[in-house]
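Data first, discussion second: the structure below is written as structure tokens.
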Amino acid sequence: MMQPSPPSSLQITRPITIYENERLWIGRGFSKSGLFPTERGPYSTHDGSLSWKTLREACLALLRYEGGKSGSRAEQGGANFRSGWSYHESGGDVSDGDKDDDYECRTEGGVANHDEIDYCGFVPCTGAEDEPTDEDGWAYYADFSPQSLQTPSRNRGMLDFVRRRKLRRIAYFRPDHFLPKDVYIKCDFCDSKAQTMLDALSLATLFLTGTTNSDCNDAKALPLKAKLIQFLNIGSNCKHDVLLYDKNDHYNTMTDIYRIKDRLSTFADTTVGRPGALAHLFHPEVGDSMIKAMPGRKEMISKNYFPEEERMAYAKLLVKDVDRYAFHLHCHDESCAGNVSGKQSEDNTEAQQSSACEFRLVVCPNLNCNERLSFKYQIYHDEECGFKPLPCTSGCGMEIPRSEMSIHVSEKCVLRPAECPLACIGCTTVVKAQDVSRHLKESSDQHFLFVANRMMECQALIKKLNGRIQMLEERNAHLELEIRGRTAQVSMKKDTDNLLNEVKKLTKRISALEGTCRTEFKKVEQERKHKR
């Protein structure tokens, strides 16, 4: 009998890419042994932040999101750590880590081989779209610096001393790494959200690397992702057995879901640690900058490390783990997706509709709302959807989206209360917005009196202001005369001060000359006495 396959939502794949690196030595050609100790190893990730000596180590590490050259598996939870991915769609011995490693490095129909030539099932990518390569998949560069790697060459130039090529193998998502088959095989749909996992991983990378996306590389993000998968503890979140669920009909599975979400909210603090109080004291902008950097970091993490399809797969396994007995968030059928088509046709009978899974994902029918949710909860979403068109509460007959209703009623509805446009001149009448034009026509005589009264008030005010202006002009002229007189006095005082300074200087010079003359007279007198 044919074994049932996993639900289609769990049948996902991802390409695992490893870069093989070599350096040129004159007389020896290109080889992995010629790589410098300070540069990336023989096998590495795209950015080179993670590298390994053998392809076997690389293919196992990237399969399980491990980081580091050695000892990383112990850090990630031991040799039996399974991330939910395998190079094979089925099989594998989870109980023995070494056998499992051999199994993963085995090609379909082959045997485990530690020889590098086997390439562990990886295939070179020739003619890669992102960079030109030769017929064997090699691209040539001057060195492994980020600047050089931006300009690959299909043929080796005179100044090209390194080369690398892309190796790829497809990995399959394996729900049996976490849950028994009779648990994960149920229901192709789950009432689940995966956004919390992305938030947790993004915040952890922000704590570890700061707000600059370029500082977040494979060596920092992949080990955190492995820790996050372990942190989910899929397979051990169901705290009750089937007997308890049979006795307690009022148990709410969402209680355990909320408990997991609360645990995820502490992931960054637990695994990395929040930036210290001293850092925030000396750099208050740290907190604000992280808040601003969060959307960009989430986009980068989702694109490069944690795509939505994978997040949803883990989220659905979590739901099936917690809800394995109660079936509050997924159904107990094994092939419910077969009863649901992408679009319900018009000739579907009521019986076919009723047999479809109540947890099937549907898109909100309201215009501009792209929310995807379980069919079971569509009616509850419809009661709070901001895009749901509702009749105007004022009774104008228009249908307005729920989120825009308050603005429509207060600013746009034709039945809203509106002041007369001439309220500024004394008309206090309040009418409906649609009746403003009629009010202006019917009350034209009254409005004329308001305008005439206001004109008389303005004329009286203008006369009063003109008198005040004349008084201020006279006062201004008097002040100008006074200022001129004071200015002349100040000028005379300055001239007097200048003359006094000059007199003092002349007095000093005369005193100096008198002293000089006395000295000369004494010398002459002494000379005359000497001659006598």
Side-chain angles (χ1 to χ4, degrees), residues 15-76 105 114-120 122-169 205 208-210 212-226 300 304-305:
I16 293 183
T17 301
I18 298 174
Y19 283 84
E20 184 180 8
N21 309 303
E22 294 184 348
R23 174 171 282 279
L24 174 66
W25 285 87
I26 304 301
R28 294 169 50 187
F30 283 98
S31 69
K32 299 177 182 61
S33 59
L35 294 167
F36 296 154
T38 56
E39 58 191 10
R40 59 186 65 194
Y43 299 95
S44 70
T45 57
H46 180 268
D47 63 13
S49 60
L50 287 176
S51 58
W52 300 267
K53 294 182 179 179
T54 66
L55 183 59
R56 176 184 172 88
E57 293 176 354
C59 74
L60 293 174
L62 291 180
L63 183 69
R64 294 158 180 157
Y65 302 121
E66 296 172 351
K69 297 181 180 179
S70 62
S72 60
R73 301 190 65 188
E75 296 173 4
Q76 302 296 343
C105 294
H114 293 245
D115 190 356
E116 297 282 60
I117 301 177
D118 181 60
Y119 280 106
C120 300
F122 280 77
V123 178
C125 298
T126 58
E129 297 180 358
D130 53 348
E131 57 185 15
T133 64
D134 62 13
E135 59 183 7
D136 294 324
W138 292 103
Y140 299 86
Y141 311 86
D143 52 47
F144 287 118
S145 65
Q147 295 77 13
S148 296
L149 294 179
Q150 293 178 1
T151 56
S153 176
R154 181 178 288 105
N155 302 310
R156 192 183 85 80
M158 293 293 294
L159 300 178
D160 293 334
F161 295 97
V162 299
R163 67 178 184 177
R164 70 173 185 175
R165 66 175 172 178
K166 184 187 299 184
L167 307 176
R168 178 175 292 174
R169 187 177 181 183
T205 60
L208 182 64
T209 67
T212 306
N213 281 348
S214 59
D215 294 336
C216 182
N217 53 29
D218 298 338
K220 296 174 181 177
L222 291 181
L224 281 176
K225 184 177 179 180
M300 189 269 286
N304 298 335
Y305 300 107

Closest contact, heavy atoms only, [X] versus [Y]:
X	Y	value
Gly34	Trp25	O-NE1, 2.7 Å
Thr45	Trp52	CG2-CH2, 3.9 Å
Asp160	Ser153	OD2-CB, 4.1 Å
Arg64	Ala226	O-CB, 3.9 Å
Leu35	Phe144	CD2-CE1, 3.7 Å
Pro124	Asp136	CB-O, 4.0 Å

Do Arg156 and Tyr140 meet the cation-pi criteria used here (NZ or CZ under 6.0 Å from the six-membered ring centre, within 45° of the axis)?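 That pair does not qualify as a cation-pi contact.
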Between [atom1] of [X] and [atom2] of [Y], what distance do you get to the nearest 0.5 Å?
X	Y	atom1	atom2	answer
Asp47	Tyr19	CG	OH	10.0 Å
His46	Leu149	NE2	CG	7.5 Å
Arg163	Asn21	CZ	CG	11.0 Å
Asp215	Thr205	CG	OG1	11.0 Å
Met300	Cys216	CE	SG	3.5 Å
Glu57	Ile18	CD	CD1	11.0 Å

Salt bridge (Lys or Arg N to Asp or Glu O under 4.0 Å) evaluation trace for Glu20 with Lys32: CA-CA 9 Å; Glu20 184 180 8; Lys32 299 177 182 61; 2.6 Å; yes
With sequence neighbours left out, what residues match Lys220 under salt bridge (Lys or Arg N to Asp or Glu O under 4.0 Å)? none
Heavy-atom side-chain proximity of Leu24 to Phe30 below 4.5 angstrom: yes
Are the side chains of Tyr43 and Leu167 in contact, using a 4.5 Å heavy-atom criterion? yes
Donor-acceptor check, side chain of [X] to backbone of [Y], threshold 3.5 angstrom: yes or no?
X	Y	value
Ser51	Arg40	no
Arg154	Asp134	no
Tyr141	Gln150	no

Using side-chain contact (heavy atoms from CB on, under 4.5 Å), reason through Leu222 and Leu62 one step at a time and then give a plain yes or no. CA-CA 8 Å; Leu222 291 181; Leu62 291 180; 3.9 Å; yes
Between Arg164 and Ser44, is there a side-chain donor-acceptor contact under 3.5 Å, judged purely by atom types and distance? no
After noting the C-alpha distance and the side-chain angles of Thr133 and Cys125, does the key distance pass the side-chain contact (heavy atoms from CB on, under 4.5 Å) rule? CA-CA 9 Å; Thr133 64; Cys125 298; over 6 Å; no
Go through the steps for Lys166 and Glu131 under the test salt bridge (Lys or Arg N to Asp or Glu O under 4.0 Å), then give the verdict. CA-CA 10 Å; Lys166 184 187 299 184; Glu131 57 185 15; 5.7 Å; no
